[in-house]
Amino acid sequence: MSKSQPVQPTTNPQLGDMSVEEFRRFGHELIDWIAEYFEHIENLPVLSQIQPGDLKAQLPNSPPQQGEGMEKIIADLDKLIVPALTHWCHPAFYAYFATSTSGPGILGELLTAAFDNKAMLWRTSPASTELEDVALDWLRQMMGLDEGMSGIIYDTASVSSMHAIAAAREGVEKKVREEGMSGRPDLPLLRVYVSEQAHSSIEKGVITLGLGQRGLRKIATDSDFRMDPNALAAAIEEDKRDGFIPFCVVATVGTTSTSSIDPVPDIVPICERHAMWLHVDAAYAGSAALVPELRHILSGCDRADSLVVNPHKWLFTPFDLSVLYCRHMDLLRRAFSLVPEYLRTPEQEKVRNGSDYGIQLGRRFRALKLWMVIRYFGQEGLAARIREHCRLAKLFTSWIEESSDWELLAPVPLALVCFRACPTRGPEIESEHDHRLDVLNETIMHAVNKTGKALLSHTKLNNKLTLRLSIGNIRTTERHVREVWDLLNEQLRIMSDTL
Ligand code: PLP
């Protein structure tokens with residue numbers, strides 16, 4: 001190797017970060033901006049009113065060669081970005097599962113960005129590793145889960161559930177980690193069981209893990225959209241007779257379409273009889289267990305092998321933060337741990353290194369925002385807000401029950417109402433009646449959403465187009481719920497005249 005030339009010191013003033021003075025100035029300005037955003041959020045349309053491609057058309061195709069001033073960038077927030085936002089924090093956001101961030105959560109997220117820790121090893125972020133253990137143990141206690149459940153944070157429930165199924169597969173002892181699954185005549189079909197109402201993330205997880213869609217069997221539900229345990233038991237027995245390996249059941253506590261709750265206490269003995277892993281998808285509803293009188297929704301989960309809950313759904317924590325509780329962290333570790341020389345540390349036998357428990361190496365310091373949310377609101381404060389959402393959903397339900405123009409299409413165990421408009425008309429045959437109502441309800445939903453005053457979403461239940469009103473936003477009050485009820489009735493009146 002030839003000797004390198006001496007390196008001259010640089011005097012380029014344009015290197016380095018934004019100055020501390022500038023950071024402080026624009027940091028304050030942006031916090032003010034966010035405070036004003038929340039103060040006036042109700043004046044903004046919930047659903048973005050732009051058309052596909054509108055934002056891109058206003059942005060340059062190529063990056064700026066020279067840096068731009070923050071004033072200009074912030075001005076574009078108002079001009080370009082805000083109109084292209086659908087405002088999930090708007091109190092009249094009722095679509096999908098309504099969720100929202102909160103002040104302490106935002107401040108936590110800000111600090112996480114500032115620290116920029118990659119918590120792959122304990123030593124790369126002792127704070128993240130240890131705070132995660134503490135915050136998740138607090139959450140476990142608040143949800144009434146037993147001490148055998150140990151928690152780990154991932155980004156989303158989709159990823160949490162995929163890791164749970166991977167750990168379950170590791171427990172099958174078929175050397176999938178070492179040998180893989182393809183080209184193996186010695187490996188029968190491995191099967192996972194879910195209800196027909198389970199979230200699509202489970203199927204995606206099964207696909208990702210190479211189990212194939214054939215590796216997922218969907219079990220019928222009862223009239224209240226809950227998994228039928230007898231059908232589950234029969235399916236497992238049939239699969240065993242066919243030589244398959246049933247290894248995992250995923251029960252849902254709070255399904256996406258209706259928030260129905262699978263009968264976990266009846267599913268547990270089936271899993272135990274067949275030595276199968278029981279994973280509970282409580283991504284949405286798990287937070288409701290913080291409310292003492294709703295804790296029963298997790299009954300039976302003390303015998304589950306794993307459970308996912310998303311604080312980014314109903315615990316006022318900014319996206320993303322999903323928690324997987326697992327009774328067999330050793331299996332999760334066996335499925336994923338791979339430590340190259342450059343990640344070996346002297347303390348690795350004594351600590352928990354996050355990267356041993358999943359596909360990611362670097363992990364965000366997500367625990368900080370959850371810890372701040374829990375400390376700021378306290379268990380009672382969090383429970384009070386969730387309880388209020390359930391009360392508002394019951395109130396909306398009572399208006400539907402009292403009206404002859406609307407009907408409920410599913411029970412309301414928590415804060416999601418499934419309903420449709422069903423104004424009476426002359427005699428009709430049933431299929432025409434349902435088709436007319438599908439068109440009517442879809443039209444009402446789009447009309448309400450187009451006003452920008454509220455946002456609803458839909459699903460199909462028993463082949464009927466069903467409107468969903470989900471209450472989960474920290475800013476939603478009774479006034480907002482009354483307003484959306486009035487809006488729905490107003491649109492129904494307009495549509496009934498035209499359709
Ligand atoms: N499970 C259930 C029951 C859900 O309702 C959802 C999303 O709404 C998910 C899983 C997926 O959540 P995530 O976006 O965190 O992957």
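Remember, it's 1-based here, ligands and their atoms both numbered in the order they're listed.
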I need the contact type for [X] against ligand 1. Using non-hydrogen atoms and a strict under-4.0 Å cut-off, is it side chain, backbone, both or neither?
| X | answer |
| --- | --- |
| Ser158 | both |
| Ala157 | both |
| Thr156 | both |
| Tyr96 | neither |
| Asn310 | side chain |

Only heavy atoms of [X], strictly under 4.0 Å: list the atoms of ligand 1 that pass.
| X | result |
| --- | --- |
| Gly254 | 3 (C) |
| His312 | 15 (O) |
| Ser201 | 10 (C) |
| Phe97 | 5 (O), 8 (O) |
| Ala283 | 1 (N), 2 (C), 10 (C) |

Pair [X] + [Y]: basic N to acidic O under 4.0 Å:
| X | Y | answer |
| --- | --- | --- |
| Arg420 | Asp434 | yes |
| Glu42 | Arg479 | yes |
| Glu132 | Arg366 | no |
| Asp438 | Lys464 | no |
| Arg191 | Asp239 | yes |
| Glu196 | Lys218 | no |

(message) I want to know whether Tyr284 and Trp314 have ring centres closer than 6.0 Å.
(response)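 So the answer is yes for these two rings.
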(request) Measure centre to centre between the rings of Phe396 and Phe419, then say whether the value is under 6.0 Å. (result)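 Yes, they do, as the ring centres are separated by less than 6.0 Å.
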(message) Can you see whether His312 engages Thr317 through a side-chain donor-acceptor pair at a distance of less than 3.5 angstrom?
(response)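 Note: His312 and Thr317 side chains miss the donor-acceptor criterion.
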(message) Quiz question: by atom type and distance under 3.5 Å, do the side chains of His328 and Asp330 form a donor-acceptor pair?
(response)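 There is no such pair between these side chains.
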Quick test: of every protein heavy atom, which one is nearest to [atom], and how far off is it to 0.1 Å?
| atom | answer |
| --- | --- |
| atom 5 (O) of ligand 1 | Thr256 OG1, 2.8 Å |
| atom 8 (O) of ligand 1 | Lys313 CE, 3.1 Å |
| atom 11 (C) of ligand 1 | His199 CE1, 3.4 Å |

(message) Looking at ligand 1, is there an atom of it that comes within less than 4.0 Å of some heavy atom belonging to Ser322?
(response)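 No heavy atom of Ser322 comes that close to ligand 1.
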(request) Assess Tyr284 for proximity to ligand 1: is some non-hydrogen atom of it under 4.0 Å away? (result)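 Not so, Tyr284 does not reach ligand 1.
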(message) Quick test of your reading of the structure: of Asp281, Thr255, Val250, whose heavy atom lies closest to atom 2 (C) of ligand 1?
(response)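 That would be Asp281.
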